[in-house]
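Inspection log for the structure reproduced underneath, given as structure tokens.
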Amino acid sequence: MMWRVYLVVLNCLVPSIVAHVCLNTTQYSPCSSNIACGCLILAGATNDGICSYLYTACSESNACAPDNRTCLEPDHTCVQHPRCGNKPLCFPTSMSTQAFCPPMSSTTIDPSLPHDGICAQTKWKRDGIIVATDVDGSDSNEVRPSAIFVDENDAIYIADHANKRIVKWEAGATKGQVVAGGHGDGNANDQFTDVRSIVVDKNGTMFICDRGNRRVQRWLKSANQASTVLDDILCFGLALDNEGSLYISDGAHDRVIKWPSNETVAGGHSVGFDLNQLNDPRQIFVDRHKSVYVVDGYNYRIVKWPVGAQEGIVVAGGNGEGVGKSQLSYPNGVVADDSGTVYVLDYGNDRVTRWFPNAPSGILILGRPGFNDPDDTSVIYRSIDMTMDRHGNLYVVDIMNERTLKFLVDKSACIQSN
Ligand SMILES: *[C@@H]1O[C@H](CO)[C@@H](O)[C@H](O)[C@H]1NC(C)=O
Ligand SMILES: *[C@@H]1O[C@H](CO)[C@@H](O)[C@H](O)[C@H]1NC(C)=O
Ligand SMILES: *[C@@H]1O[C@H](CO)[C@@H](O)[C@H](O)[C@H]1NC(C)=O
Ligand SMILES: *[C@@H]1O[C@H](CO)[C@@H](O)[C@H](O)[C@H]1NC(C)=O
């Protein structure tokens, strides 16, 4: 009853405070200087909605009239709210006022706009560009990629499974240079067996997950061999944080450790499905707050472990193996943008999906699940590594088609902050 009285008073005294609309948007995308607000898509609409305060209890809202999507209660709007279930809900209009959700200003710096400039409306080109194919001064020009890294100067590093080497392409270069390996398959310090991940620090030092030899190698710039920093480890993914610490996923112990301290930063409670456990961790990503995002392979989910966390937060998947929008199938790669939106390389479904914070499902952004044509660059087929450069372009290692695809980012729909 108090609630109704409040609404009436609000409506009588401040009639000018009205909901503002979200156009051309996606569910829950940011729309206000209040970060607790987001767009709720109107029932029956696909990309138009209202900007609302989101954190009301689901139980406070009733379902809309099923046949005509209207609300019998006054001052309610019928919206889609998947976090509260599949049925459209009558959401109180008072939660959409500009008092609760002031509009974002486009003239001042928008605090919710991440510094990578990626926003909810960002898109990626459907067709990829094949990159990193030619190698200079080498016996073999064949490149069969198995892992990728792109540095801050846009140089591309590829682990070439065919020739057991790492090749570097400077930004814009058509020919790459061999920077490590190239001496065949083996476990000598200038050889590799099965490279699954590479990262390169600001000094050009490469860290290489040589999974086949169960070791992590450090290869200094211009050196002719590596030294082993960790052995007896079934590494898969590597990541560096902004202080130069290295993070390694270890499938033998279902954990992620940080080197050189060797502390466990995710998992480490034996194999399992509980939130403090992992089951075959694969690629990893570390954000600028040092939160660790882990591809938790056989749990078909991506988990985020903030610094000091005792358990992970599921940020994608976790609904069993499958093709559904809320599911993943043998995920292999993950990156996150500065707003915490997660991008998942879904090996079994041959797609990359984008998961907004707290979203129950992902949105397909790359790939054409169920279709393969090696001449079609919109297709990824059994892909095992993915990275995002500082601009937001995505690179996918497409192993069955033996190529590396770059998908250009398009941020033109984002609000300009200056
Ligand atoms: C919505 O998107 C379409 C196509 O991308 C564009 O033509 C139109 O101008 C957009 N409308 C608004 C209000 O941004
Ligand atoms: C919508 O449907 C409900 C019953 O489901 C009905 O009571 C109501 O009058 C309808 N509203 C409109 C505007 O048709
Ligand atoms: C790069 O080299 C400098 C000088 O040797 C050293 O102080 C620094 O720690 C190195 N940075 C990284 C990330 O290893
Ligand atoms: C971490 O592990 C490596 C390899 O086992 C070892 O050389 C190093 O000393 C360890 N670091 C610490 C801080 O214990």
Side-chain angles (χ1 to χ4, degrees), residues 128-229 235-238 240 283 332-333 374-375 377 379-389 393-408:
I129 302 164
I130 297 172
V131 295
T133 52
D134 278 339
V135 184
D136 200 18
S138 163
D139 294 343
S140 173
N141 243 13
E142 186 190 6
V143 177
R144 262 195 288 142
S146 66
I148 184 165
F149 181 81
V150 179
D151 75 11
E152 290 191 335
N153 302 314
D154 299 329
I156 301 171
Y157 293 74
I158 300 280
D160 170 17
H161 196 62
N163 299 288
K164 312 293 175 192
R165 64 189 178 184
I166 312 291
V167 186
K168 177 183 181 183
W169 284 261
E170 297 290 354
T174 52
K175 297 230 180 233
Q177 309 289 333
V178 177
V179 290
H183 301 107
D185 193 341
N187 64 4
N189 270 339
D190 60 357
Q191 296 178 311
F192 309 109
T193 283
D194 180 11
V195 173
R196 292 300 177 93
S197 192
I198 324 162
V199 290
V200 185
D201 74 12
K202 291 186 170 55
N203 291 344
T205 300
M206 289 175 274
F207 293 92
I208 300 158
C209 161
D210 183 9
R211 183 177 170 95
N213 289 318
R214 299 177 75 101
R215 64 186 183 183
V216 177
Q217 301 290 82
R218 176 171 52 179
W219 194 300
L220 299 177
K221 189 174 183 178
S222 307
N224 46 31
Q225 61 173 30
S227 57
T228 299
V229 296
C235 59
F236 196 113
L238 300 178
L240 286 169
Q283 298 292 355
N332 259 329
D375 295 328
T377 59
V379 166
I380 59 174
Y381 188 39
R382 301 298 181 247
S383 298
I384 55 167
D385 197 10
M386 174 177 69
T387 195
M388 181 184 269
D389 68 17
N393 302 309
L394 284 165
Y395 296 74
V396 176
V397 171
D398 180 8
I399 48 165
M400 290 302 273
N401 291 323
E402 297 185 357
R403 63 190 182 182
T404 304
L405 291 169
K406 176 181 184 180
F407 294 91
L408 292 172

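As a basis for the values below, the full set of heavy atoms in this structure was taken, side chains included, without hydrogen atoms, waters or symmetry mates. Fair warning: this is a prediction, and the values are worked out from it, not measured in the lab.
At least one side-chain heavy atom of Val397 sits less than 4.5 Å from a side-chain heavy atom of Ile384. At least one side-chain heavy atom of Ile208 sits under 4.5 Å from a side-chain heavy atom of Val195. The shortest distance between side-chain heavy atoms of Val229 and Gln217 does not fall below 4.5 Å. Between Val216 and Thr228 there is no side-chain heavy-atom pair separated by less than 4.5 Å.
Taken from CG in Asp136 to CG in Asn141, the straight-line distance is 8.5 Å, to the nearest 0.5 Å. Of the inter-residue distances, the one linking Phe149 atom CZ with Ile156 atom CD1 reads 12.0 Å to the nearest 0.5 angstrom. Taking CD1 of Ile399 as the reference point, atom OG1 of Thr404 lies at 11.0 Å (rounded to 0.5 Å). Annotation: the span from Met388 atom CE to Tyr395 atom OH amounts to 11.0 Å, rounded to 0.5 Å. The CD1 atom of Ile198 sits 8.0 Å away from atom CD1 of Ile148, with the distance rounded to the nearest 0.5 Å. Of the inter-residue distances, the one linking Phe192 atom CZ with Asp160 atom CG reads 11.0 Å to the nearest 0.5 angstrom.
Put simply, the side chain of Trp219 never gets that close to the backbone of Asp190: no donor and acceptor are under 3.5 Å apart. The backbone N or O of Cys209 lies less than 3.5 Å from no partner atom in the side chain of Ser197, so there is not a single donor-acceptor pair. Checking side-chain atoms of Asn189 against main-chain N and O of Ser227 turns up no donor-acceptor pair under 3.5 Å. Put simply, the side chain of Asn163 gets close to the backbone of Glu142: a donor and an acceptor are under 3.5 Å apart. The backbone N or O of Asp154 sits nowhere less than 3.5 Å from a side-chain atom of Asp389 that would complete a donor-acceptor pair.
Scanning all heavy atoms of the two residues, the minimum distance from Val178 to Gly181 falls at CG1-O, 4.1 Å. Residues Leu408 and Asn393 share a closest heavy-atom pair of CA-OD1, 3.4 Å. Minimum interatomic distance between Phe236 and Asn332 (heavy atoms only, all atoms of both residues): CZ-OD1, 3.7 Å. Of all heavy-atom pairs spanning Thr133 and Trp169, the tightest one is N-CZ2, 3.7 Å. Closest approach of Met206 and Val179 over heavy atoms only: CE-O, 3.5 Å.
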- Task: Check the pair Val135 / Arg165 against side chain to side chain contact (heavy atoms under 4.5 Å, CB included), numbers first and verdict last.
- Result: CA-CA 11 Å; Val135 184; Arg165 64 189 178 184; 3.6 Å; yes
- Residue pair Phe407, Thr377: steps toward the side chain to side chain contact (heavy atoms under 4.5 Å, CB included) verdict: CA-CA 9 Å; Phe407 294 91; Thr377 59; over 6 Å; no
- Item | side chain to side chain contact (heavy atoms under 4.5 Å, CB included) assessment of Gln283 paired with Met386 | CA-CA 9 Å; Gln283 298 292 355; Met386 174 177 69; over 6 Å; no
- Task: Determine, stepwise, if the pair Asp385 / Ser146 fulfils side chain to side chain contact (heavy atoms under 4.5 Å, CB included).
- Result: CA-CA 7 Å; Asp385 197 10; Ser146 66; over 6 Å; no
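Applying side chain to side chain donor-acceptor pair (under 3.5 Å) to Asp210 and the options Lys164, Gln191, Arg215, Arg196 leaves one that passes, Arg215.
Within a 6.0 Å sphere centred on NZ of Lys175, heavy atoms belonging to other residues, nucleotides or ligands number more than 12.
Salt-bridge annotation for Arg403 and Asp398: present, with a side-chain N of the basic residue lying under 4.0 Å from a carboxylate O of the acidic one.
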